[in-house]
Amino acid sequence: MISFYNTLTRKVEDFKPIEDCKVGMYSCGPTVYDFAHIGNFRANIFVDILKRSLKYFGYEIKHVMNLTDVDDRIIDISLKKEMTIQEYTKPYIEAFFEDLRTLRIQPADVFPKATEHIEDMINMIEALQKNSLTYDRSGSVYYKISNFKNYGELAGIKPEDLKDGARIDTDRYDKDNVQDFALWKAKKLDGEPCWESPFGCGRPGWHLECSAMSIKYLGETFDIHCGGEDLIFPHHQNEIAQSEGATGKRFVNYWLHCAHLQLDGEKMSKSLGNFYTLRDLVAKGYDPIALRYTLLATHYRSPLVFSFETVEQSAAAINRLRDFRRRLEREKPEGGDVNKSSEVLETADKGFNEKLSNDLNISGALGEVFTFVRNINGMLDDRELTEQGRIGALALLCKWDSILDVLKESERGAVDKEYVEEMIAKRIEARKEKNWHEADRIRNELLDDGIILEDTPQGTTWKKK
RNA sequence: GGCGGCGUAGCCAAGUGGUAAGGCAGAGGUCUGCAAAACCUUUAUUCGCCGGUUCAAUUCCGGCCGCCGCCUCCA
């Protein structure tokens, strides 16, 4: 049984999907006005680990992630650049998908765009109007939160507490109450993109798309909704108000939120300017998979302070796993301790599953992985592992990697394998003649090309640096 | 002002009312022609500080200090 911390109840709860073995989940996607930064990708990695873990435990997933391709910033910038919003956002949508691939984040099953679901949003506004949860102001439509029961429930906030000391409301639109939010924004500027609606020409408010599109693809009530913790309030609270206000049904059963990535003592964010993009890290020579490991290795609800040192440490940890796999693939043990071999496998399998199923305790699960690596390496050294055990160990490692996805090397810099093999053959000759000088020269030459040689009992092997 | 979270070795990071996983880095050793990889030993009498509850607290309670977040767009 897998359990999750549910923001709604503030407790770790056993996960029970609406339909046995099937999970509907929605995660808030990017606003595609610029490149995403690695703080954004912490949330995406979290969702990826969540999805892969659910699959690992046998669930079938339907995952929906929105692409916000219309909002104030997108409109402002595209107007300035004299582009349509589609022209302006397209490269950033493509870059986002490319970054997901680079980080091995499995794509959602559906990536609905806000601009392609205007009608669904209009329908939702009309349902809210029928339920007396809205009011109109000069062509805009607002949600009247005082008419929704339990507003603030998700964040543990009482609406009346928001007033004291709250920061200044900067919204450009006029509302009865500063906490009310726009469902429909009337067109303000010439050339601004807008859609016809019963309320006039305009465009949807930001919160609305997630309600309309999640319900469209996942139904009025679905299992999991997730994102960064900054979305808890007001975004996710507003989604609840909209969805439940329109349908009268429970919107989402489990709300999961991940903590922020920090840099320079603050949340990494675009507006603060303290961010790196994935492209920045790759340009500095870091392996994106080392970043993947960094972002997944800390529990999702703990704050994570970004540093390049941590990324380097992650790279070293990954190397240990990759070296372990290469050793398992290379060695062909004979004999061995049958009982001990199966026992070590069983303990590790069980330990990993227990840790992971407990609110995705990935750090604990990784502890099990590395303990296993040490145990098996020691058994190989002592000739205690059986061939059966070796095959089982490899299978277990691959099973874990269905979640971690760090074993495969990043595709960067092609290697001329024939040349490497040729050099290794030459070096073997030199070593036979005990010409250590020549052997070392060849090894160093390959090292300069980024190839590391290892002399094992099974012969000389190589790997990329 | 309201609400929430965090503080564990040089660095990263789990965890539990019963005496501190794991990774990285460091030191010593085994193996190796030398390396690399691997293994062994070693690195927190101690879990921000101060009290309290308890036979026993890092783990529960209270206070304090430091840091972060949300209440505005935000992963």
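Chain A is the first sequence line, chain B the second, and so forth, proteins listed ahead of strands; every chain is numbered from 1. Worth knowing before you read on, the calculation uses all heavy atoms, side chains too, and leaves out hydrogens, waters and symmetry mates.
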(request) Could you pull out the closest heavy-atom pair between Ile289(A) and Arg322(A), with the gap in Å? (result) CG2-NH2, 3.9 Å

Do [X] side-chain and [N] base share a donor-acceptor contact under 3.5 Å?
X         : N      : value
Gln313(A) : G23(B) : yes
Arg320(A) : G23(B) : no
Arg427(A) : G33(B) : yes
Asn361(A) : G15(B) : no
Arg443(A) : A35(B) : yes

(message) If you assign Lys355(A) and Asp440(A) each to the RNA chain B nucleotide with the nearest heavy atom, which residue ends up on the more 5' nucleotide?
(response) Lys355(A)

(message) Assess whether a salt bridge exists between Asp449(A) and Lys465(A), defined as any Lys/Arg side-chain N lying under 4.0 Å from an Asp/Glu carboxylate O.
(response) no

(message) Does this structure show an ion pair linking Glu429(A) with Lys432(A), if we count only N-O contacts that are shorter than 4.0 Å?
(response) yes

Protein and nucleotides 19-22 of chain B: nitrogen or oxygen contacts under 3.5 angstrom:
| from | atom 1 | to | atom 2 | distance (Å) |
| --- | --- | --- | --- | --- |
| A21(B) | N1 | Ser363(A) | O | 3.3 |
| G22(B) | OP1 | Arg374(A) | NH2 | 3.1 |

Classify [X] by what it touches in the nucleic acid, base, sugar-phosphate, or nothing, heavy-atom distance under 4.0 Å.
X         : value
Leu231(A) : sugar-phosphate
Asp455(A) : base
Asp323(A) : sugar-phosphate
Gly265(A) : sugar-phosphate
Ser269(A) : nothing
Ile362(A) : nothing
His257(A) : nothing
Ala259(A) : base
Glu454(A) : base
Arg325(A) : nothing
Glu312(A) : nothing
Gly156(A) : sugar-phosphate
Arg10(A)  : sugar-phosphate
Leu304(A) : sugar-phosphate

(request) State the pairing partner of U45(B); accept Watson-Crick or G-U wobble contacts with both distances under 3.5 Å, and report none otherwise. (result) none

Whole-Å distance between [N] [atom2] and [X] [atom1]?
X         : N      : atom1 : atom2 : result
Asn444(A) : A36(B) : CG    : P     : 12 Å
Leu446(A) : A35(B) : CG    : P     : 19 Å
Ile428(A) : A35(B) : CD1   : C1'   : 16 Å
Ile157(A) : G1(B)  : CD1   : P     : 17 Å

Are any of [X]'s side-chain N or O atoms less than 4.0 Å away from OP1 or OP2 of [N]?
X         : N      : value
Lys434(A) : C34(B) : no
Ser302(A) : A14(B) : yes
Asn377(A) : C39(B) : yes

(message) Given C73(B), A38(B), G33(B), identify the nucleotide with an atom nearest to the side chain of Pro234(A).
(response) C73(B)

(request) Take atom P in U8(B) and the same atom in U58(B), then report the distance between them in whole Å. (result) 16 Å

(request) For nucleotides A21(B) and A13(B), find the distance between their C1' atoms and express it as a whole number of Å. (result) 10 Å

Show every donor-acceptor pair shorter than 3.5 Å between a side-chain atom in residues 259-268 of chain A and any protein atom, with sequence neighbours excluded, or say none if there are none.
none

